Amino acid sequence: MAEAADFPGTSPSPARRWLRRTATLLAGAPLLAGLLHVPASPSAYAASSEVTANTSSATSAGTSSGVTSAQTAATRPKAAATGSRTVNVSLNSLTPAAPREGDTVTVSGTVTNDGSQTVTDAQVGLRIGAVPLGGRTEIDSASKRTAYQLGADGNEVGGKYVQKVSRLAPGVRHDFSISVPVSALNLGVDGVYQLGVTLTGQTSAQPFPQVLGIERTFLPWQDGAAETKTKTTYLWPLISATHLTARMRSDAQQTPLFKDEGLAKELQPGGRLQQLLTLGSQLDVTWVVDPDLLVSVEAMTTSYDVEGPDGTTVAGRYQAVAKQWLNQLQQAVEGKKVVALPFADPDLASLAHTGKTVTGSLGHLKEATQVGADAVDDILQVKPNSDFAWPAEGAIDPSVVDVATSAGAHAVIARSDSLRETGGLPYTPSAARPIGGGTTAVVADARLSTAFRGDMTGAEDSTLAVQEFLAQSLMITLQDPAKQRSIVVAPQRMPSASQAQSMARALTALDDKRWSQPQDLAAAAKAKPDPNATTQVPSAGAYPASLRKQELPRSAFKEIQDTQGKLDRFQEILSAPERVITPFGRAMDRGMATSWRGRTAEASTFRKGVQAYLTSLTEQVKLINKSDVKLSGRSATIPVTVQNNLVQGVDHLVLRLTSTNPTRLKVGDGLYEEQPVKITGGGHTQSVKFTTTANANGPVTVSAQLYTEDGQPYGAPVRFDVNVTEFTATVMLVIGGGVLLLVLAGFRMYTQRKRAAQQRAEAGPDGGPDGGPDGDSDATPGPAPDTDPGGSDPEQPSDPTPDTAPESTEPSHPGERVDR
């Protein structure tokens with residue numbers, strides 16, 4: 001951060017600065033005279049004046065190398081046989097971290113001879129700066145120096161406050177512990193003092209007293225309470241990587257499946273999340289929670305499954321651990337401020353740079369925001385604040401701000417190395433900055449936020465980080481003691497257990513409220529902005545290239561879009577769609593999580609797994625394959641079977657049977673026929689029957705396809721052939737036989753009528769032998785029948801019934817045989 005004047009209070013003149021440095025040099029004159037008593041070699045002089053930059057970089061957020069201090073010393077390159085880096089000085093403990101009048105400062109650690117010659121007549125001592133450091137940049141400079149610099153590293157306290165080391169052979173380590181009353185340190189005005197631990201000794205190559213090793217740290221000195229204290233907001237994140245898969249059992253409880261027991265390890269005593277919870281419950285911090293973590297832990301409190309290495313599943317066994325952690329968290333946040341991130345902590349920058357052009361992506365963010373707030377409320381029984389968006393590493397540009405606020409957030413947690421000061425302010429301004437559109441950028445201090453990024457497993461790394469954090473914190477207050485400011489600290493999203501412990505030590509040292517007092521995030525966002533602080537959001541070109549490389553590609557959002565489309569079609573046919581919508585909706589949220597940064601292959605595997613599982617579920621509702629059908633008749637009923645292997649029922653489906661040649665074979669009244677489908681779950685089937693009519697012989701391909709009610713195809717079609725054999729040789733013989741019978745019947749009727757007419761003619765007008773017209777003895781005589789003028793036979797009162805009924809012209813019965 002740019003600082004025009006780096007000293008506490010007012011900016012000193014160049015002359016005054018020169019006088020201070022001259023006084024420091026004069027104070028070190030006796031030591032200089034001792035060093036010059038024996039002529040030093042050119043190499044020794046070069047080593048004593050060497051200043052190098054610290055080349056060790058902080059590890060990525062939330063990771064830990066797991067290298068112990070002993071391993072670090074063993075793998076460290078050997079230093080030169082001479083110079084102030086011959087001996088490695090490790091400062092493992094400094095108590096109290098921020099002393100007061102009457103305290104005794106105790107410094108302990110080790111010295112290890114990294115050179116090739118034995119060090120003799122040595123002593124370990126403390127060196128305190130004559131005057132406080134002038135500003136935050138001077139703290140930065142001092143922390144980067146690795147070699148001893150005459151005049152800049154202060155005077156040795158000396159006297160009885162040293163520890164003698166008579167002999168230190170190459171590779172040998174020696175422990176030390178020195179206690180000094182604060183009164184012996186001769187601390188003056190309030191400020192940050194450089195504290196050095198040095199080993200002074202000699203070797204056979206340079207047989208004179210000289211500084212052979214040094215380690216620097218800082219001693220914040222504020223004896224009484226400051227008149228105006230800095231309000232400090234420290235975010236305490238409870239975030240984890242994705243542990244749940246999209247798969248689950250098909251039982252009523254929908255037993256979840258975890259990819260491993262990694263979450264259980266974090267929740268166990270000594271685990272990362274257990275440490276964060278235990279430490280955070282003792283501090284005045286603002287909890288920042290990923291609701292996905294809470295949902296995952298809650299899922300572990302009952303029955304859950306875990307994927308085995310061979311693809312099998314085993315029952316989870318850490319229910320008690322999950323219950324204990326969740327109960328402890330509920331107690332810790334009671335009455336405290338809790339900020340709920342959108343569900344699964346989506347990567348806002350990835351959405352802004354690659355995802356927002358994919359339809360539906362921003363809709364996931366809005367839903368995740370609401371779902372996340374509800375989950376925190378339900379599980380923790382506290383009303384969270386969901387008004388904050390937190391982009392990765394606090395890096396913003398206009399598109400990131402637009403996306404971050406698109407789901408309803410009004411504040412964006414940025415960082416001061418992204419939203420940089422350009423006005424040359426001599427102090428660190430308050431965090432809140434209005435950046436337009438009703439949005440507030442809450443700018444976290446970059447130095448304080450990244451103080452614990454490195455490997456904190458070693459005692460030295462942790463001690464140095466704590467002391468530098470406290471030094472920077474005090475220096476902010478001293479920059480302008482009359483101006484109260486609100487400072488926000490946003491650490492890495494997933495601190496390791498050792499990083500959390502270091503953070504807690506630093507905050508515990510601030511707990512006496514001498515120069516800092518705690519404040520929650522909402523209050524910091526509402527604090528009065530500094531009118532001189534920058535409010536200009538950096539351009540898209542200023543977004544760090546290293547962070548862009550870690551973003552999700554556009555293809556990731558396309559995969560999520562495809563999954564959403566398939567889910568939308570699937571839910572339409574379900575009797576209990578919420579059993580599918582909820583788990584798959586949350587799985588898609590997890591596919592956009594910030595925790596996937598730098599893990600491209602794993603993220604892709606997760607997304608493809610979600611899509612594959614959804615596909616496997618949709619395929620549980622399907623058509624049963626059908627063999628070819630032989631149709632031996634003009635009309636028939638063809639059955640098609642639908643199977644539902646889901647646990648729940650399906651509805652709102654229609655089955656359509658379509659003929660590819662309706663002139664030869666009609667389905668229903670024409671080209672196709674549709675029938676509704678409704679099947680209960682559990683492997684049940686439904687046979688749907690379609691009426692067909694054949695008009696000609698030959699094979700016809702028929703297609704069966706399921707559709708949703710809105711006309712979208714569902715699943716794969718089933719095709720089969722219907723072979724129409726209506727006019728076979730057997731049928732022709734039957735028809736020919738029927739015609740012959742009709743001819744014979746007609747001939748018989750003709751002969752019978754002719755014979756009857758002849759008999760009536762022979763009988764004459766008196767009738768038959770019995771006196772009746774037809775031989776009926778009791779019939780009364782009557783007039784002779786009229787004859788047809790045209791000469792045709794007279795109509796008879798009753799003709800014989802035919803032996804065979806006439807051929808029906810109606811269609812065949814629909815139950816006619818269908819050969820399969």
Side-chain angles (χ1 to χ4, degrees), residues 244-258 299 302-308 310-316 563 565-587 608-629 637-658 673-691 702-720 815 818-820:
L244 271 171
T245 69
R247 294 172 55 198
M248 59 188 64
R249 282 193 216 164
S250 57
D251 53 4
Q253 293 75 27
Q254 292 185 282
T255 301
L257 177 67
F258 287 77
T302 57
S303 175
Y304 71 96
D305 293 335
V306 180
E307 281 186 344
D310 55 352
T312 59
T313 61
V314 297
T563 302
K566 183 169 291 187
L567 178 63
D568 291 340
R569 292 189 295 274
F570 187 40
Q571 64 172 316
E572 291 179 5
I573 73 167
L574 302 176
S575 59
E578 66 280 354
R579 286 175 60 88
V580 172
I581 295 173
T582 299
F584 277 100
R586 305 293 74 77
K608 292 183 184 303
V610 173
Q611 194 171 74
Y613 181 54
L614 179 57
T615 299
S616 70
L617 289 182
T618 61
E619 292 174 348
Q620 299 304 304
V621 180
K622 59 183 180 180
L623 297 172
I624 301 299
N625 287 332
K626 191 174 181 66
S627 59
D628 292 345
V629 175
T637 299
I638 298 179
V640 179
T641 303
V642 186
Q643 186 173 42
N644 175 22
N645 288 323
L646 296 172
V647 174
Q648 62 175 295
V650 296
D651 198 355
H652 311 296
L653 273 175
V654 294
L655 176 57
R656 179 186 297 177
L657 189 67
T658 305
E673 182 181 359
E674 292 183 340
Q675 299 281 355
V677 174
K678 182 176 182 180
I679 318 174
T680 57
H684 287 82
T685 61
Q686 178 183 352
S687 182
V688 184
K689 298 180 180 180
F690 296 90
T691 302
V702 175
S703 175
Q705 172 70 65
L706 287 169
Y707 286 88
T708 58
E709 286 187 335
D710 61 355
Q712 295 297 316
Y714 184 90
V718 168
R719 294 181 175 85
F720 56 95
V818 175
D819 293 331
R820 293 178 148 271

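Note that the structure is predicted; figures quoted are calculated from it, not measured. Side chains are part of it too, since the values below use all heavy atoms of this structure and drop only hydrogens, waters and symmetry mates.
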May I ask you to test the [X]-[Y] pair for a side-chain heavy-atom distance under 4.5 Å?
{"X": "F690", "Y": "T637", "answer": "no"}
{"X": "V621", "Y": "N645", "answer": "no"}
{"X": "V580", "Y": "Q648", "answer": "yes"}
{"X": "R719", "Y": "V702", "answer": "no"}
{"X": "N644", "Y": "H684", "answer": "no"}
{"X": "T641", "Y": "V688", "answer": "no"}
{"X": "M248", "Y": "L257", "answer": "no"}
{"X": "V642", "Y": "L655", "answer": "yes"}

Show me, pair by pair, the donor-acceptor contacts under 3.5 angstrom made by side chains of residues 571-578, not counting sequence neighbours?
unit_1 : atom_1 : unit_2 : atom_2 : d
Q571   : NE2    : D568   : OD1    : 3.3
S575   : OG     : G649   : N      : 3.2
S575   : OG     : G649   : O      : 3.0

According to salt bridge (charged side-chain N to carboxylate O under 4.0 Å, His left out), who are the partners of K566, at least two apart in sequence or on a separate chain?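 Listed in chain order: nothing, the list is empty.
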
R586: partners by salt bridge (charged side-chain N to carboxylate O under 4.0 Å, His left out), with sequence neighbours left out: E367, D589

Which residues pass the side chain to side chain contact (heavy atoms under 4.5 Å, CB included) test with N625, not counting sequence neighbours? V718

Interatomic spacing from [atom1] in [X] to [atom2] in [Y] - rounded to 0.5 Å:
{"X": "K622", "Y": "L706", "atom1": "NZ", "atom2": "CG", "value": "12.0 Å"}
{"X": "R656", "Y": "Y707", "atom1": "CZ", "atom2": "OH", "value": "4.5 Å"}
{"X": "T685", "Y": "L623", "atom1": "OG1", "atom2": "CG", "value": "12.0 Å"}
{"X": "Q675", "Y": "L653", "atom1": "CD", "atom2": "CG", "value": "13.5 Å"}
{"X": "Q620", "Y": "T615", "atom1": "CD", "atom2": "OG1", "value": "11.5 Å"}
{"X": "I581", "Y": "F570", "atom1": "CD1", "atom2": "CZ", "value": "10.5 Å"}

F584: which residues meet the ring-ring contact (aromatic ring centres under 6.0 Å, His included) condition with it, sequence neighbours left out? Y613

By ring-ring contact (aromatic ring centres under 6.0 Å, His included) - contacts of F258 (at least two apart): Y304

Using every non-hydrogen atom in the two residues, find where [X] and [Y] come nearest and quote the distance to one decimal.
{"X": "Q643", "Y": "G683", "result": "NE2-O, 4.0 Å"}
{"X": "P256", "Y": "L244", "result": "CB-CD2, 3.6 Å"}
{"X": "S303", "Y": "T255", "result": "O-CG2, 3.4 Å"}
{"X": "A716", "Y": "Q705", "result": "C-OE1, 4.1 Å"}
{"X": "A246", "Y": "V610", "result": "CB-CG2, 3.8 Å"}
{"X": "P583", "Y": "Q254", "result": "CG-NE2, 4.3 Å"}

Check whether more than 12 heavy atoms from other residues, nucleotides or ligands sit under 6.0 Å from atom CZ of R579, and answer yes or no.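 Yes, CZ of R579 has more than 12 neighbouring heavy atoms, counting only those of other groups under 6.0 Å.
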
Would you check if there is a donor-acceptor pair between the side chains of Q611 and T563 at a distance under 3.5 Å?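 Distance-only check passes for T563 and Q611.
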
Would you say Y714's side chain and R569's backbone share a donor-acceptor pair under 3.5 angstrom? no

H652/T708 under side chain to side chain contact (heavy atoms under 4.5 Å, CB included): CA gap, chis, key distance, verdict: CA-CA 6 Å; H652 311 296; T708 58; over 6 Å; no

